There are 4 protein chains.
Amino acid sequence: MTDKRRRRLPRSVREQEIIDAALGVFSKRGYRAAVVDEIADLAGISKPMVYLYLGSKEGLFIACVRRESQRLAAAFREAAQAGDSPEQRLWAGLGAFFAFVAEHRDSWVVLHRQAPEQGEAIAQEIADARRSVMAEVNGLVRDGITKGGEADRLGEQEADFVAHALVGAADSLTDWMERHPGEPPERVTVRLMNVMWVGMRNVLVGEVWVPPQHDA
Amino acid sequence: MTDKRRRRLPRSVREQEIIDAALGVFSKRGYRAAVVDEIADLAGISKPMVYLYLGSKEGLFIACVRRESQRLAAAFREAAQAGDSPEQRLWAGLGAFFAFVAEHRDSWVVLHRQAPEQGEAIAQEIADARRSVMAEVNGLVRDGITKGGEADRLGEQEADFVAHALVGAADSLTDWMERHPGEPPERVTVRLMNVMWVGMRNVLVGEVWVPPQHDA
Amino acid sequence: MTDKRRRRLPRSVREQEIIDAALGVFSKRGYRAAVVDEIADLAGISKPMVYLYLGSKEGLFIACVRRESQRLAAAFREAAQAGDSPEQRLWAGLGAFFAFVAEHRDSWVVLHRQAPEQGEAIAQEIADARRSVMAEVNGLVRDGITKGGEADRLGEQEADFVAHALVGAADSLTDWMERHPGEPPERVTVRLMNVMWVGMRNVLVGEVWVPPQHDA
Amino acid sequence: MTDKRRRRLPRSVREQEIIDAALGVFSKRGYRAAVVDEIADLAGISKPMVYLYLGSKEGLFIACVRRESQRLAAAFREAAQAGDSPEQRLWAGLGAFFAFVAEHRDSWVVLHRQAPEQGEAIAQEIADARRSVMAEVNGLVRDGITKGGEADRLGEQEADFVAHALVGAADSLTDWMERHPGEPPERVTVRLMNVMWVGMRNVLVGEVWVPPQHDA
DNA sequence: CATGAATGAGCATTCATTCAT
DNA sequence: CATGAATGAATGCTCATTCAT
């Protein structure tokens, strides 16, 4: 950046730095608008190094998507493992997911907001990443809500539906957070659970909302 | 395009056709990747005409955003007006919103998925559009949930929070719908209400979810 | 070039001018070293026009190869048609070929000297062009030498061999001509016939050269 | 490359290996398209070594041209020395030349096919090399054909003309050979003599081919 | 002696935008 | 009103060449 003049770094370190820089630029500008020169500048190296390490702009993008989707999925699994009860595990997992989305804005934007219309390889990679993240949430939802009996179990489709709603809500709430800087991520998580979990639970209990009828 | 050879159209009609074309292209490709040539082709006119009508690529984009955000907001208001009870109005409004998001994929993508980092004018326009849409939902949520008494009223912040969650969930569920083509939008709306409304209502009643404690 | 400021030319004319320019640059520099900017400058237009008309550097090259190989083959056929006897037709054909090679140095260099290692499409195009030129010479050689009887006919292989020798000799002699500016192409043609035709004819007559034996 | 790990080689040997590699790459790709990295890889050493030994890409090319033109000229001289009669010497010399061209494809391509438009130093070197090779052939032709008497002697110009024709024919026939793998180089040499020598000899004897006249 | 790490400069290609008709 | 023709200004990518070790 500023001070790093002609440092000789081992490949693995440099590579991570480049991916860091790329993530920031792709997130801020989008795939097409991102300029490799800017990534190189941000990484404190010259463009040819970027190409030596990651091969192409597409390679840069794919590297970002891969690394970040793995990080996100890992954050999930680790948090969810720590819980005692299913509810706790879901809460912990959602908290981790939400914290990740809130903190690693760049990662999330690249993973979720980039339109998957950038050529076959990229579209595939994005699709894979999203699938893997969604699968993690989906698993949490199913495990969390299932209270043991077979009857409690939400069907595959239901869980998927809820997972999408959750992920979408969390995503959108990152915007909300930016306009409410005072709110700590934990409170946001609780609030989201407030709205979503109760609904999910009641759904299980059979308390289902029905469309109101027009007054006769 | 197909049959439209050298038609003489009134300014207003032609302009709408151009915006239609632009919307499709911006949605499919994203702002940067969108190519004005393609928009002109799709509109069945030459590029200079596009520039004559909308001035610039940025002008095209802004026109899309303005028109679609107005349409979306209008769909809201109209649907919400028709309801008898607050709950009904919320349901109708959400249904309209959801139907719009599901049906007008292009509009929604341009309105919500485009990163607002494409220059000052565009960023402003996108921000405005999102604010206006969110305000509409926000109003519905406040009206819908407030059952009359002052005590029932969710605070400004709460409503905004819920509105964000709703919009995000709905957005994300458009992806879900694409993978479940059999589900009609109405069922998706009901399902979303299933999860969200019950939660929202219970929140009002005071039944608040609390983070589970670790076993001592 | 110099005076052509912002001329509006019909596509077909401009296209030929661009190919003219490209031919000169490819000939002078070789495919890789050729710079599209130089071609554009030489054609008196901007680079985007070049791409609009011929699509790519490869497209430029292929257009050159196609046009020039057709011109060369046509020059052949026309000249050879005019002759009365086979010998005359061969002489006329060779003269035309030789005049073409000598006059259109650029065409010949692009057709014959460019290494066929520039990617599949180009290699194929070059190979096709060479084959077509060689086939023309080959046909002349066979027709020219064949004096009617079946016995006189050189086999396919022989004709091909002779054609290669002829073409190579003519090619090489263009260098010689550049160092002997006084020699008119006609004299060079005669000289080449002097050496080659007599050999070819004698071969037919059975007067075959045999390797000299070492003195015992 | 394969087994050569960190071998310590004397300068002269390593240098030859580098030139070997360079020759292959320059021949296959042409000067511009040749990439120094590939040369270094092929030589089994790192790029800085290449630069240490030969100084620059241009230096590599010049080294190739020098070494190969000397080899070719030497092959000539040696073969021509062994002959008893002038005819025998010419035949032997041409055979050597032809064998060289056919066998050392790379050398010949670099020497003869590379466009001499790559900068002053290279152009000069290529020109020198070609001149020296051509001088050798020229000498053979003059010596070979001259049967003693002054009258038999072809003029300087004639010999040069014939030399160019010979070299060009031989060059072109290397292409022919690639499509007729069964033909041994010796037969090709004989065949070439068949066509060329008889013509050359007859020219000396005064049997000159004259352009056929149109039928009156 | 030998190399992994690094870069300045160049080139093919694209695209928003504007004239001349 | 409408368009074909044209371009300036990027941007992705490559390559000869050089340090620091």
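Atom set for the values below is all heavy atoms of this structure, side chains included, hydrogens, waters and symmetry mates excluded. Throughout, protein chains are lettered first and strands after them, A, B, ... in sequence-line order, and every chain is numbered starting at 1. Just so you know, these numbers come straight off a predicted model, no measurement behind them.
- Among the nucleotides dG8(E), dT7(F), dT13(E), the one closest to the side chain of Ser46(C) is dT7(F).
- Considering only the side chain of Arg14(D), dA2(E) comes nearest among dT14(F), dC13(F), dA2(E).
- Legend: residues meeting salt bridge (charged side-chain N to carboxylate O under 4.0 Å, His left out) with Glu38(D), ordered by chain and number and at least two apart, are Arg29(D).
- Closest approach of Asp106(B) and Gly24(B) over heavy atoms only: OD2-CA, 3.6 Å.
- At whole-Å resolution of the value, OH in Tyr51(D) and P in dC19(F) are 13 Å apart.
- Within the structure, ring-ring contact (aromatic ring centres under 6.0 Å, His included) contacts touching residues 19-48 of chain A (residues at least two apart or in different chains) are Phe26(A)-Tyr31(A), Phe26(A)-Phe61(A), Tyr31(A)-Phe61(A).
- Look at Tyr53(C) and you'll find a side-chain N or O under 4.0 angstrom from OP1 or OP2 of dA6(F).
- Pairs passing the side-chain hydrogen bond (donor to acceptor under 3.5 Å, both in side chains) check and including a residue from residues 42-62 of chain D, sequence neighbours excluded, read Asp37(D)-Lys47(D).
- Distances from the side chain of Met49(B) to the nucleotides dA6(F), dA16(E), dT3(F) place dT3(F) closest.
- For the segment residues 28-38 of chain A, residues with any heavy atom less than 4.0 angstrom from an atom of DNA chain F are, sorted by number, Ala34(A), Val35(A), Val36(A).
- A distance-only check finds no donor-acceptor pair linking the side chain of Arg32(C) to the backbone of Gly30(D) [under 3.5 Å].
- Glu125(C) pairs by the salt bridge (charged side-chain N to carboxylate O under 4.0 Å, His left out) definition with Arg66(C), not counting sequence neighbours.
- Put simply, the side chain of Lys47(D) and the base of dT17(F) share a donor and an acceptor less than 3.5 Å apart.
- Between the P atom of dT3(F) and the CD1 atom of Ile18(B) lies a distance of 10 Å, rounded to the nearest Å.
- Take Arg67(C) and apply the salt bridge (charged side-chain N to carboxylate O under 4.0 Å, His left out) test, not counting sequence neighbours, and it matches Asp20(C).
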Output field dot_bracket for DNA chain E (Watson-Crick or G-U, both distances under 3.5 Å, | for other-strand pairs) contains .||||||||||||||||||||
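- Remark: Arg11(A) is in phosphate contact with dA5(E), judged by side-chain N or O atoms under 4.0 Å from OP1 or OP2.
- Looking at the side chain of Lys57(C), the nearest of the listed nucleotides dC13(F), dA12(E), dG4(F) is dA12(E).
- Where Leu52(A) and Ser56(B) each meet DNA chain E at their nearest nucleotide, the meeting point lying more 5' is that of Leu52(A).
- dA16(F) atom P lies 8 Å from atom CD1 of Ile39(D), rounded to whole Å.
- Heavy-atom minimum distance, Leu111(D) versus Leu72(D): CD2-CD2, 4.0 Å.
- Rounded to whole angstrom, the span from the CG atom of Leu60(D) across to the P atom of dC15(F) amounts to 16 Å.
- Each of Pro10(C) and Gly55(D) has a nearest nucleotide on DNA chain F; the 5'-most of these lies closest to Pro10(C).
- You'll find that the side chain of Leu9(C) is closest to dA6(F), out of dC15(F), dA5(E), dA6(F).
- Atom CD of Glu15(D) is separated from atom C1' of dC1(E) by 15 Å (rounded to the nearest Å).
- Applying the salt bridge (charged side-chain N to carboxylate O under 4.0 Å, His left out) test to Arg113(C) and every residue at least two apart in sequence or in another chain returns Asp171(C), Asp175(C).
- Between the CG atom of Leu54(C) and the P atom of dT14(E) there is a distance of 13 Å, given to the nearest Å.
- Note on residues 111-132 of chain B: pairs passing ring-ring contact (aromatic ring centres under 6.0 Å, His included), not counting sequence neighbours, are Trp108(B)-His112(B).
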